[in-house]
Amino acid sequence: MDFKKIEQKWQERWEKERVFEAVDFADKPKFFGLIEFPYPSGVGIHVGHLKAFLSMEAICRMKRLMGFNVLFPIGWDAFGLPTENYAISHNIPPRVATDTNIANIKRQIKSFGFSFDWSREIDTTDENYYKWTQYIFSQLYKKGLAYRSKALVNYCPHCDCILSNEESQGGICDRCSSSVEQREKEVWFLKIRDYAERLLNGLDSLDFPERVKEETRHWIGKSEGAEIDFEVRAGEEKDSLTVYTTRCDTIFGATFMVIAPEHPLVDKYKEYISNIDEVEEYKAQAKKKSEFDRVQLNKEKTGVRLVGLNAINPLTKEELPIFIADYVMMGYGTGAIMAVPAHDERDYDFAKKYNLNIIQVIQGEEGGDLPYTDIDSGVMVNSSFLNGLKVKEAIAKMKEYLSEHGIGHAKVNFQMKDWAFNRQRYWGEPFPIVYCDKCGTVLVEDLPVVLPEMKEFKTNSKGQSPLAEVDSFVHTTCPHCGGPARRETDTMPQWAGSSWYFLRYMDPHNKDIFASMDKMKYWGPVDWYNGGMEHVTRHLIYSRFWNMVLFDLGLVPFEEPYRKRSTVGLVLGEDGNKMSKSLGNTVDPMAVADQYGVDVVRMYELFMADYESPAPWSSENIVGCKRFLDRVERMADFIVDKPISDEHVSLFNDAITKVTQDIQNMKFNTAISALMTTLNVIYQDKYISREEFRDFLTLLYPFAPHFSEEMNERLSLGDMLCKSSWPTLRVDNSEKKVNLPVQVNGKMRGLVIIKENATQEEAMSALLGDEKIKSFITGDVKKVIFVPNKIINIIV
RNA sequence: GGCGAAGUGGCGGAAUGGUAGACGCAUCAGACUCAAAAUCUGACGUAGGCAACUACAUGAGGGUUCGAGUCCCUCCUUCGCUACCA
């Protein structure tokens with residue numbers, strides 16, 4: 001079969017028939033299947049993209065035949081650093097690079113015959129799209145969820161750019177893998193932390209894989225504890241120092257305090273600290289250390305005592321020394337802790353090193369070596385009114401005590417930080433913000449704020465966005481007072497456009513709003529969203545956050561945007577390693593498609609392994625799929641004109657059931673193997689009816705649509721498959737036989753063939769008629785375990 | 001260090017607690033062919049046996065069960081995610 005020809009032919013036919021265009025408000029059950037829209041990089045499509053798309057492709061192709069009104073859209077997540085860097089190094093405008101890259105990847109994707117609704121294609125860099133990204137930002141701003149402040153942030157010196165926490169996990173820049181530094185910058189933050197609790201609780205009702213939920217929960221990092229105020233004495237001055245702890249029960253064991261090197265207390269009481277030089281030196285060193293160094297495991301604890309400052313334990317009234325140490329982070333809790341060396345490993349190490357007092361306040365059950373950190377056993381000692389209580393009781397009692405005496409209160413903390421939202425870059429959405437000398441920070445209501453065209457895109461030496469160099473952009477008038485004003489020159493991060501794109505698909509051409517309520521009510525929420533694990537702690541959280549904010553504003557009719565999420569396993573290189581240019585183990589899907597045809601590539605990517613597991617590519621194994629299609633083609637030789645036999649009724653009923661279930665459960669590998677098994681039986685039997693052949697091709701259609709359509713047409717089996725319906729089961733009149741395994745004393749000793757749902761008596765008489773099995777039954781039968789149609793086990 | 005997933009033939013991988021190795025690749029043999037390729041048919045976990053068959057076998061060791069790749073405990077290894085979480 002000339003696959004090039006039929007690929008083109010069927011792609012044209014499908015397009016002409018417009019069978020993949022979703023119809024708004026159609027009177028059918030709707031199904032919104034979503035794949036993560038690709039970033040149009042210069043490299044083009046890779047096998048990972050295809051695999052991620054192919055699952056939803058198979059599901060959507062099947063769902064349409066099942067009578068669903070399917071929305072399966074595609075678009076381009078096209079703002080971002082790689083394009084900007086590419087544009088700089090090749091000296092072409094990002095706009096041009098983006099357009100070229102989109103044209104290229106679009107041609108590639110189209111060549112694989114995906115059933116996307118191209119009439120809803122979106123591009124995040126299109127003015128008509130980013131106008132609404134800016135609009136949503138202004139909604140956040142008006143609601144007080146966007147604020148600007150000077151802060152220590154993750155900064156990538158290589159990209160000259162601020163990174164959010166999500167983009168700098170492990171102290172490494174998401175984009176260029178350089179080490180991230182901490183720098184003080186003017187930062188736009190989005191208050192995602194206000195939504196932490198809802199983002200966490202919302203997970204319970206969602207059909208997400210457990211590991212996705214676990215990673216999300218871990219990233220949000222909810223912790224329940226207490227804030228406690230300690231009095232600080234500096235000479236005659238008194239102040240207070242608030243610490244955060246999850247173990248307020250251990251306060252009687254607190255023997256010193258530790259604050260982060262950046263903690264403001266140091267500067268405030270500089271003149272009272274007699275060893276201030278040593279302290280400043282330590283601070284300087286801590287600042288120099290990269291995130292990675294600070295986080296190195298088993299690293300020796302270091303710190304410096306603030307000589308001259310002391311804290312008072314509010315319970316014991318004892319005076320405690322204060323240290324700065326880099327094992328306490330300014331970004332978590334209050335940046336200060338009470339150290340309880342007897343019951344915290346880090347405090348213990350520190351106390352040992354600096355010879356500090358250790359007071360045990362919990363007696364462990366067995367022995368209880370220090371530091372003793374278990375909270376599920378042990379009783380309080382040396383702790384006044386807590387003595388004798390179990391740890392959890394003591395925590396509860398102490399929380400009460402703290403608030404009653406006004407020295408503290410219960411407090412919930414989250415690991416997740418607010419979202420650093422500006423980038424010193426050109427290729428992103430401009431903020432709808434101007435700074436006016438008179439009116440301050442003012443929102444621009446007239447959208448879009450258009451990204452101006454530029455010739456030079458380098459970050460300037462002041463670490464500003466290239467936009468700062470464009471006078472016509474920077475200098476504007478205040479929309480409020482009409483006076484002179486400057487525009488915000490930073491742009492939004494890559495994640496902005498993708499935080500709401502699924503909404504736009506529901507109503508992509510709307511000029512009045514990002515999407516109309518009616519259409520969102522019809523299409524939303526997304527029924528099934530497939531994508532990579534790498535987006536769990538980034539895009540998935542961001543987009544749920546934005547959707548929740550829009551929901552609260554009454555602009556979106558559902559609180560959670562995605563009902564169901566599934567994940568795609570990585571396609572590894574042939575050597576079992578992650579594909580990378582440097583290892584030279586990448587696979588070019590276009591070249592493979594050229595050799596075998598796109599249907600074979602489509603099938604192989606789904607057949608190679610369990611869909612959600614990572615699996616190595618094999619240039620040898622792919623021929624199995626090629627041969628399979630060739631065998632299906634030759635199966636036409638077995639077509640006979642005779643009624644369907646009982647055996648074939650059940651053969652096809654099994655295939656239909658298996659393929660249908662497996663596609664719905666994303667078990668594509670076993671769905672395809674069920675088709676192969678069915679084919680092998682036909683080859684044994686050497687006959688197949690036309691009706692069965694059509695069923696077979698329909699089952700194959702979600703995986704190999706060009707091939708299936710072509711065979712269907714050549715054999716004149718019926719209307720185009722894309723317009724037909726999913727096969728249904730035939731009435732099975734045959735008396736079903738099952739193979740019943742027979743065990744004696746739990747060991748397999750043979751098989752008997754009996755009718756389905758046979759009783760234990762029938763099974764016994766059948767197996768006693770088998771000489772071989774009978775020979776194993778020596779002695780009295782003590783017990784028989786019989787599971788109908790499954791097994792019979794005889795204990796002698 | 002914490003959380004999560006996983007370890008099954010030469011390889012990719014199948015198995016609601018019930019015939020371990022489906023399906024595919026590779027390999028071997030037969031048919032077709034002058035021959036090769038393609039195709040069709042068959043064999044293919046390990047050991048012993050001509051064979052029927054028997055024993056052993058799902059990272060290691062224990063346990064639960066009539067029965068364990070699957071459940072529980074201990075350990076080893078690999079891969080993700082996270083990282084001094086106060």
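Letters go in sequence order (proteins before strands), and every chain restarts at 1.
- Phosphate contact (OP1/OP2 of A38(B), side-chain N/O of R627(A), threshold under 4.0 Å): absent.
- With respect to the salt-bridge test (charged N to carboxylate O, under 4.0 angstrom), the residues K222(A) and E197(A) qualify.
- The side chain of F776(A) lies closest to U54(B), out of G24(B), C84(B), U54(B).
- Rounding to whole angstrom units, OH of residue Y244(A) and C1' of A86(B) are separated by 8 Å.
- Between I785(A) and T245(A), the residue anchored nearer the 5' end of RNA chain B, judged by the nucleotide with its closest heavy atom, is I785(A).
- No cation-pi contact links R305(A) to Y354(A), judged by a cut-off of 6.0 Å to the six-membered ring centre and 45° from its axis.
- With rounding to whole Å, K790(A) atom NZ is found 17 Å from C66(B) atom C1'.
- Under 4.0 angstrom from either OP1 or OP2 of G17(B) there lies no side-chain N or O belonging to Q743(A).
- A straight line from CZ of F668(A) to P of C23(B) spans 21 Å, rounded to a whole angstrom.
- Ion pairing between K772(A) and D770(A) fails under the 4.0 Å rule for side-chain N and carboxylate O.
- Electrostatic pairing of E762(A) and K755(A) counts as a salt bridge here, judged by a charged N lying under 4.0 Å from a carboxylate O.
- When each of Y596(A), W617(A), F628(A) is checked for a ring-ring contact (aromatic ring centres under 6.0 Å, His included) with Y604(A), only W617(A) meets the rule.
- For K747(A) and C56(B), the shortest distance from a side-chain N or O to OP1 or OP2 is below 4.0 Å.
- Counting non-hydrogen atoms of other residues, nucleotides and ligands closer than 6.0 Å to NZ of K352(A) gives a total of 12 or fewer.
- Ion pairing of D662(A) with K658(A) is present here, as a side-chain N (NZ or NE/NH1/NH2) and a carboxylate O approach within less than 4.0 Å.
- When the P atom is used for both U78(B) and G62(B), the distance is 24 Å, rounded to whole Å.
- In this structure, Y332(A) reaches the A86(B) phosphate: one of its side-chain N or O atoms is under 4.0 Å from OP1 or OP2.
- Shown here, G9(B) is classed syn by the O4'-C1'-N9-C4 or O4'-C1'-N1-C2 angle, which is within 90° of 0.
- The cationic atom of K301(A) (NZ for Lys, CZ for Arg) lies less than 6.0 Å from the six-membered ring centre of Y327(A) and within 45° of the ring axis.
- With hydrogens and angles ignored, no donor-acceptor pair closer than 3.5 Å exists between the side chain of K772(A) and the base of C53(B).
- Rounded to whole angstrom, the span from the CG atom of D662(A) across to the C1' atom of U16(B) amounts to 13 Å.
- Annotation: G59(B) and A6(B) have their C1' atoms spaced 11 Å apart (nearest Å).
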Quick one: which protein N/O atoms are closer than 3.5 Å to N/O atoms of nucleotides 12-14 of chain B? Pair and distance per line, please.
unit_1: G12(B); atom_1: O2'; unit_2: M608(A); atom_2: O; d: 2.8
unit_1: A14(B); atom_1: OP1; unit_2: D610(A); atom_2: N; d: 3.4
unit_1: A14(B); atom_1: OP1; unit_2: N669(A); atom_2: ND2; d: 3.1
unit_1: A14(B); atom_1: O5'; unit_2: N669(A); atom_2: ND2; d: 3.4

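- Rounded to whole Å, the P atom of G10(B) lies 26 Å from the corresponding atom of G18(B).
- With the nearest nucleotide of RNA chain B identified for both D347(A) and R631(A), R631(A) has the one nearer the 5' end.
- Between I794(A) and the choices K782(A), Q743(A), M764(A), R749(A), the side-chain contact (heavy atoms from CB on, under 4.5 Å) rule is met once, by M764(A).
- Here, G1(B) and G12(B) have their P atoms 29 Å apart, quoted to the whole Å.
- The aromatic rings of F652(A) and F696(A) sit perpendicular to each other, their planes meeting at more than 60°, with 30° as the lower class boundary.
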### Task
Could you summarise the pairing of RNA chain B as dot-bracket text, marking Watson-Crick and G-U pairs under 3.5 Å with ( ) or [ ] inside the strand and | across strands?
(((((((..(((.....[....))).(((((.......))))).((((....))))..(((((..]....))))))))))))....
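- What separates CD1 of I337(A) from C1' of A86(B) is a distance of 6 Å, to the nearest Å.
- Look at R217(A) and you won't find any side-chain N or O under 4.0 angstrom from OP1 or OP2 of G4(B).
- Note: F668(A) and Y611(A) meet the aromatic proximity criterion, with ring centroids under 6.0 Å apart.
- For R749(A) and C53(B), the shortest distance from a side-chain N or O to OP1 or OP2 is not below 4.0 Å.
- Residue contacts shown for Q684(A) are limited to sugar-phosphate atoms, with no base heavy atom under 4.0 Å away.
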